[in-house]
Amino acid sequence: MAFAAQQQFTPGFLPYGESLHRPYQCFMGRWEGLCKTFDPQGNFLESSAVHMDVYWQDNDTWHLHEQFENLYEFGPCLFEADFTVNGKFAYAKNELMEVHASELTPYNYVFSIDSKVTSTMVYNNHFFLDPNTRRIITHKVRAGKTHIYQIQDFTRIVQP
């Protein structure tokens, strides 16, 4: 059986057409969730409700308003930040945190958060299971060692 001559493959330069998504657009809306906390051995410690609003302020900036009813080892906590977007990368910094975020695929994002609130380095992996269901798997490190793991499951209740 004869095969056609192979063409040179150059990822990202094929005529796929225009992108149908905008980086970080999948985060926009009102989200309700539950944060479950586990110790480094995987034992369940506690859970808490989380309420989140995410919206665009302009073409290059989105705003996060995230309220934990009980942030582990801290108590009630409100995080607010303005994220500057540059392509697939986003950045935010304020007195509570410094965040670097990257889109890996249209529905999988990674965040690195230097949290002044919990004195931890936080590594979040956001998976969109469908347009209105998001899971965040969190690894919090303190003094170079795993402090806790968290799983946050969110449902979007208001869409843009």
Given the rule that I, L, V, M, F, W and Y join up when any side-chain heavy atoms are under 4.5 Å apart, are I136 and Y72 in one cluster?
-> no

Is there a path of hydrophobic side-chain contacts, each under 4.5 Å between heavy atoms of I, L, V, M, F, W or Y residues, that connects M121 with Y149?
-> no

Check: V117 and L96 side chains under 4.5 Å, non-hydrogen atoms = yes

Are the side chain of R30 and the backbone of P160 linked by a donor-acceptor contact shorter than 3.5 Å?
-> no

Is there side-chain contact between M52 and F154, with heavy atoms separated by less than 4.5 Å?
-> yes

Name the orientation class of the two ring planes belonging to F38 and F44 (parallel below 30°, tilted from 30 to 60°, perpendicular beyond 60°).
-> perpendicular

State the CZ-CE distance between F111 and M97, to the nearest 0.5 angstrom.
-> 10.0 Å

Sidechain N-carboxylate O distance under 4.0 Å for E73, R142 = yes

H51 vs E32, side-chain hydrogen bond (donor to acceptor under 3.5 Å, both in side chains): CA-CA, chis, key distance, verdict = CA-CA 5 Å; H51 316 282; E32 292 293 332; 2.4 Å; yes

Nearest heavy-atom approach of F128 to C26 is CE2-O, 3.2 Å

Q25 versus W62, side-chain donor and acceptor atoms under 3.5 Å | no

Could you tell me which non-hydrogen atom of S112 sits nearest to which non-hydrogen atom of Y123, and how far apart they are?
-> OG-CD2, 3.8 Å

Kindly indicate, with the supporting measurements, whether the criterion side-chain hydrogen bond (donor to acceptor under 3.5 Å, both in side chains) is fulfilled by T105 and N108.
-> CA-CA 5 Å; T105 72; N108 186 213; 4.9 Å; no

Test H63 against V54 for side chain to side chain contact (heavy atoms under 4.5 Å, CB included), laying out the working first.
-> CA-CA 6 Å; H63 184 79; V54 184; over 6 Å; no

Donor-acceptor contact below 3.5 Å, side chain N86 vs main chain F89 | no

Return the minimal non-hydrogen interatomic distance between H21 and P106, and the atom names on each side.
-> CE1-CG, 3.5 Å

Chi angles and distances behind the ring pair (Phe, Tyr, Trp, His ring centres under 6.0 Å) call for H126, Y107 | CA-CA 8 Å; H126 294 247; Y107 300 101; over 10 Å; no

Heavy-atom side-chain proximity of N132 to Q159 below 4.5 angstrom | yes

Going hydrophobic residue to hydrophobic residue with side-chain gaps under 4.5 angstrom, can you get from V122 over to I148?
-> no

Answer whether the closest heavy-atom distance between the side chains of V50 and F79 falls below 4.5 Å.
-> no

Quick one: NE2 on H100 to CZ on F83, what's the gap to the nearest 0.5 Å?
-> 10.5 Å

Hey, what do you get for CZ (F127) to CD1 (I137), rounding to the nearest 0.5 Å?
-> 5.0 Å

Quick one: do D153 and K36 make a salt bridge, cutoff under 4.0 Å?
-> yes

Measure the CG-CG distance between D82 and D60 for me, rounded to the nearest 0.5 Å.
-> 12.5 Å

Evaluate the side-chain proximity of H147 to V141: yes if any heavy-atom separation is below 4.5 Å, no if none is.
-> no

Between the OG atom in S115 and the CZ atom in F74, the distance rounded to the nearest 0.5 Å is 8.5 Å

So CD of E69 and SG of C77: to nearest 0.5 Å the spacing works out to 12.5 Å

Does W31 share a hydrophobic cluster with I151, counting links as ILVMFWY side-chain heavy atoms below 4.5 Å and allowing steps through other members?
-> no

Can you tell me if Y24 uses its side chain to pair, donor with acceptor, with the backbone of K88 under 3.5 Å?
-> yes

Can you list the steps and then say if E66 with Q152 is a side chain to side chain contact (heavy atoms under 4.5 Å, CB included)?
-> CA-CA 12 Å; E66 183 177 25; Q152 298 178 61; 3.7 Å; yes

Non-hydrogen side-chain atoms of Q150 and K140 separated by less than 4.5 Å = yes

Show the numbers, then the answer: is there a side chain to side chain contact (heavy atoms under 4.5 Å, CB included) between L129 and R134?
-> CA-CA 6 Å; L129 304 174; R134 176 168 42 124; over 6 Å; no

Do V99 and W56 sit in the same hydrophobic cluster, where Ile, Leu, Val, Met, Phe, Trp and Tyr count as joined when their side-chain heavy atoms come under 4.5 Å apart?
-> yes

